[in-house]
There are 2 protein chains.
Amino acid sequence: MSRICKDGFDKECIKEQREFYGIAYTQNLLSGRWKYVILWFLKSKERRYSEIKAFLGDISQGSLTKQLRELETDGVINRKVYPEVPPRVEYSLTSKGEELIPIIDLMEEFGKKFGEQVD
Amino acid sequence: MSRICKDGFDKECIKEQREFYGIAYTQNLLSGRWKYVILWFLKSKERRYSEIKAFLGDISQGSLTKQLRELETDGVINRKVYPEVPPRVEYSLTSKGEELIPIIDLMEEFGKKFGEQVD
DNA sequence: CTGTTAAGTACATAAAAATGTACTACGTCA
DNA sequence: TGACGTAGTACATTTTTATGTACTTAACAG
């Protein structure tokens with residue numbers, strides 16, 4: 001998913017005057033090959049970096065880190081680092097992130113309804 | 001937004017076994033720089049190609065046509081051609097597309113709530 | 001006969017996003 | 001001393017998306 005604004009959501013980029021400011025903001029936040037799935041996975045409980053990576057399977061480390069950083073920057077996930085060796089980092093939804101759950105749920109429902117018809 | 005599968009949603013690409021099949025399907029359907037906004041714009045009524053283009057403003061013809069074709073292929077919008085000259089083409093949501101409205105609405109709500117804090 | 005119009009198409013190019021490979025840090029275990 | 005494991009970083013490269021420019025079609029107005 002390409003962001004409407006390449007680097008974060010720039011209010012100069014999509015002027016507030018534009019009627020579609022709302023969806024544009026949200027879609028920007030969620031644009032990225034894996035973000036929906038990551039959020040979906042964090043929905044039930046906090047997860048370690050390695051768990052997320054294993055769950056997604058095909059994602060590269062660089063990409064995963066990037067997506068997580070963006071989600072963190074956008075305030076939808078928390079990153080908690082445990083000062084241990086080897087390192088342990090746990091990701092969880094913030095309260096803002098929790099508010100995305102209804103959207104994720106509807107999307108899953110929609111996908112289940114229409115996606116599997118193709119089988 | 002990058003599609004999880006480059007060319008449509010290939011069930012070989014994301015195996016059904018995967019728990020995240022549902023959201024993956026939906027996010028695939030909606031991945032594209034302008035799709036959410038296009039659907040949002042079609043929400044209230046059918047629109048002509050030129051209206052959509054004018055509304056989006058910055059989109060190129062090629063991109064717009066591509067996004068519309070994908071949405072059509074995925075069955076969320078209808079394309080009605082009037083055999084006139086100059087041509088007239090009207091786009092509208094299909095019933096499947098209508099089912100995306102609640103998602104669009106929630107996203108807009110979320111965006112309005114969190115997006116404008118940045119002002 | 002020529003210009004105008006809407007909705008495209010075709011193709012080369014640019015920009016953005018994702019990937020692969022290699023490399024790091026640091027305590028612990030043997 | 002040296003390998004192990006987690007969560008990264010760096011950077012070059014590939015893949016995917018989006019863009020820009022030019023061209024098309026056919027009826028109608030002048």
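Chain letters run A, B, ... following the sequence lines, proteins first, then strands; residues in each count from 1.
One interatomic measurement links the two molecules: NZ of A/Lys35 to C1' of C/dA18, which rounds to 13 Å at whole-angstrom precision. The CD-P distance, from A/Gln67 to D/dT9, rounds to 14 Å in whole Å. Residue A/Lys66 contributes atom NZ, which lies 15 Å from atom C1' of D/dA10 at whole-angstrom precision. Between the CG atom of A/Leu64 and the P atom of C/dG20 there is a distance of 13 Å, rounded to whole Å. One interatomic measurement links the two molecules: OH of A/Tyr91 to C1' of D/dG8, which rounds to 8 Å at whole-angstrom precision. Rounded to a whole Å, the CZ atom of A/Arg33 is 11 Å from the C1' atom of D/dT15. Distance, B/Arg3 CZ to D/dT16 P: 12 Å, rounded to whole Å. Rounded to a whole Å, the CH2 atom of A/Trp34 is 16 Å from the P atom of D/dT15.
Comparing D/dA7, D/dG20, C/dA7 against the side chain of A/Tyr49 picks out D/dA7 as the nearest. For B/Gln61, taking side-chain heavy atoms from C-beta onward, the closest of the listed nucleotides D/dG8, C/dG8, D/dT19 is C/dG8. The side chain of A/Val85 lies closest to C/dG27, out of C/dG8, C/dG27, D/dT6.
OP1 or OP2 of C/dG8 sits under 4.0 Å from a side-chain N or O of B/Arg69. Side-chain N/O atoms of B/Thr65 include none lying less than 4.0 angstrom from OP1 or OP2 on C/dG8. Under 4.0 angstrom from either OP1 or OP2 of D/dG8 there lies no side-chain N or O belonging to A/Arg48.
For the residue pair A/Tyr36 and B/Thr26, no side-chain donor N or O sits within less than 3.5 Å of a side-chain acceptor on the partner.
Put simply, CG on B/Leu29 and CG on B/Leu100 are 6.5 Å apart, with the number rounded to the nearest 0.5 Å.
DNA chain C is contacted by both A/Ser63 and B/Ser50; B/Ser50 maps to the nucleotide lying nearer its 5′ end (nearest heavy atom per residue). Looking at which nucleotide of DNA chain C each of B/Pro87 and A/Ile59 is closest to, the 5′-most match is held by B/Pro87.
Ion pairing of A/Lys45 with A/Glu51 is absent here, as no side-chain N (NZ or NE/NH1/NH2) approaches a carboxylate O to less than 4.0 Å.
Relative to the six-membered ring of B/Tyr91, B/Arg47 misses at least one condition, a distance below 6.0 Å or an angle of at most 45° to the axis.
Across every non-hydrogen atom of A/Ser92 and A/Glu46, the tightest pair is CB-CB, 3.7 Å.
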